[in-house]
2 protein chains.
Amino acid sequence: MNEAVPQRTPEAVEPKTLVEGAYQRLRRDIIEGVHPPGEKLRVEHLKDRYEVGAGTLREALLLLVTDALVVAQGQRGFRVSPISIEDFEDITRTRLLLETEALRQSLQLGGEDWEASVVAAFHRLSRAEQKLGDHDSLAAEEWERRNRAFHEALIAASPSRWIRHFQHILYQQSERYRRLSLFSHPIPRDIHAEHQALFNASLARDTTRATSILTEHVLRTLDAVKLLPAEFFAGKHKS
Amino acid sequence: MNEAVPQRTPEAVEPKTLVEGAYQRLRRDIIEGVHPPGEKLRVEHLKDRYEVGAGTLREALLLLVTDALVVAQGQRGFRVSPISIEDFEDITRTRLLLETEALRQSLQLGGEDWEASVVAAFHRLSRAEQKLGDHDSLAAEEWERRNRAFHEALIAASPSRWIRHFQHILYQQSERYRRLSLFSHPIPRDIHAEHQALFNASLARDTTRATSILTEHVLRTLDAVKLLPAEFFAGKHKS
DNA sequence: TCAAGGATTTTTCTCGAGATTTATAGAAGA
DNA sequence: TCTTCTATAAATCTCGAGAAAAATCCTTGA
């Protein structure tokens, strides 16, 4: 298989180096909003919080540029990437372009192993969705993880490493926005039913139906975020 | 417009920092094959060649990870990303998926400014193609630059920063392969005619024809690279 | 009160050296 | 001769300090 594409770290790889450790924790904090969009990321302050040297922290920030979660401006340091409703619309549509194509390939090429892993991922996701009723932030975190695992399992049989690479970046981006919509706007959607339908169509290898359900599914999140008040996207903080 | 996507440096931006300078020169050298695919990139050696400190060079290498031209393996340094025929096929098809969509959007939304810049880019490219007959490596380099500018001008009116971002990465990747095919296999294609047809269809806003010409155009390069002997893709050097 | 200029503080960028880890070469044993 | 272990060499990773740039504050003058 094609080794030239940088494969993402499958969620929780034990960091082999201090840079990787700081990178993982910083990424988590940015996605979770500890460092809000637009925030200036000062190396001198952050090196204490993450308990590494200045040079090491700089390298971690540089790695986050790869994920487009941080932007570097020469001679003017680093910032958390800003967010906007236009950006999320762009993310969503580009992600759909890639993910529907990957899903098509996956449904066509996926073998028994792929089927088994999809069944397993769907099962795990269903369990997490049962526990989601009460506003437990730990359960929400687990759901987020399994939701990602389910979507990635669906397209795992696609032979295109590049599509999966870009999909991963976009999914990660959309996590920041999804988090916003969860906090402010308890969505009345029956997400489990959507996932069930997507699961059924995928195992039935019904490409047309699966891609159409996926599209609806993702666009519905876009609509939910669009309902948010504009203040959420101000995001040009100083500190 | 959407500021959240890291916009690529438009070819030759004056580097504001030593890291950026080393990054640009390293990128050029990797694309041109000075550092062949798979080569180990030892910081201690490279810092002399590029005349910067060790830490600075490490940062430049980290930036190249963003372009997927370098892979970092924790505790085991850096390598030039390997190449393979499967990878190029993947690059080409993913690039077509993105670039045809961007072209569709561009033809639909592009205004007078866009038209003017496309005309200008096509003109510059045509001039470079006239001078391409003799095997002048300087002219080939200029052609490569203008070819890229033409393709990027065509899709510049697309509102999707993410598509353009990914397209840029993939185009950069394909440059490494295109260079291979130029050196070994003087292609008998009439590239200028293909560009002319693409240009005509685009200005006529004939979306169907333009995307189909673009697809043929890009796939033809894929075929040319496929004809190369497999030795070109060995690429697991030690030094 | 406001604007402009300059001095001070903060922050970024850069480098070299020490500590760890990995890779290499050689010796010992089967 | 081949494997395994050990010692040596090489490379990576990490840190703190100094130089350069940017941001901030303060004074001065209209």
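In what follows, chains carry the letters A, B, and so on, assigned in the order in which the sequence lines appear, proteins first and then strands, with residues in each chain numbered from 1.
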> Looking at B:Phe88, does the NZ or CZ of B:Arg178 lie under 6.0 angstrom from its six-membered ring centre and within 45 degrees of the ring axis?
Replying inline: no
Distances under 3.5 Å only, N/O to N/O: pair up the protein atoms with those of nucleotides 12-14 of chain C.
| unit_1 | atom_1 | unit_2 | atom_2 | d |
| --- | --- | --- | --- | --- |
| C:dT12 | OP1 | A:Lys40 | NZ | 3.3 |
| C:dT12 | OP2 | A:Val43 | N | 3.3 |
| C:dC13 | OP1 | A:Gln75 | N | 2.8 |
| C:dC13 | OP2 | A:Arg58 | NH1 | 2.3 |
| C:dC13 | OP2 | A:Arg58 | NH2 | 3.2 |
| C:dC13 | O3' | B:Thr17 | OG1 | 3.1 |
| C:dT14 | OP1 | B:Thr17 | OG1 | 2.8 |
| C:dT14 | OP1 | B:Leu18 | N | 2.4 |
| C:dT14 | OP2 | B:Thr17 | OG1 | 2.7 |
| C:dT14 | OP2 | B:Val19 | N | 3.4 |

> Going by distance alone, is a donor N or O of one side chain under 3.5 Å from an acceptor N or O of the other, for B:Glu20 and B:Gln24?
Replying inline: no
> Atom OH of B:Tyr50 to atom P of C:dC15: distance rounded to whole Å?
Replying inline: 16 Å
>> Rounded to whole Å, please give me the gap between CG in B:Leu61 and P in D:dC13.
In response: 10 Å
> Looking at residues at least two apart in the chain, or sitting in another chain, which of them share a side-chain contact (heavy atoms from CB on, under 4.5 Å) with B:Ile85?
Replying inline: B:Val225, B:Lys226, B:Phe233
> Are A:Glu141 and A:Arg28 close enough for a salt bridge, meaning some N to O gap below 4.0 Å?
Replying inline: yes
Donor-acceptor contacts under 3.5 Å from residues 46-56 of chain B side chains, at least two apart:
| unit_1 | atom_1 | unit_2 | atom_2 | d |
| --- | --- | --- | --- | --- |
| B:Arg49 | NH1 | B:Asp29 | OD2 | 3.4 |
| B:Tyr50 | OH | B:Asp29 | OD2 | 2.6 |
| B:Tyr50 | OH | B:His35 | NE2 | 2.9 |

> Whole Å only: how far is the CG atom of A:Asp48 from the C1' atom of D:dC15?
Replying inline: 13 Å
> Does a side-chain N or O from B:His45 land closer than 4.0 Å to OP1 or OP2 of D:dA11, or not?
Replying inline: yes
> Nearest-Å distance, OH (A:Tyr23) to P (D:dC13)?
Replying inline: 16 Å
>> Classify the ring geometry of B:Phe150 against B:Phe122: parallel below 30°, tilted from 30° to 60°, perpendicular beyond 60°.
In response: tilted
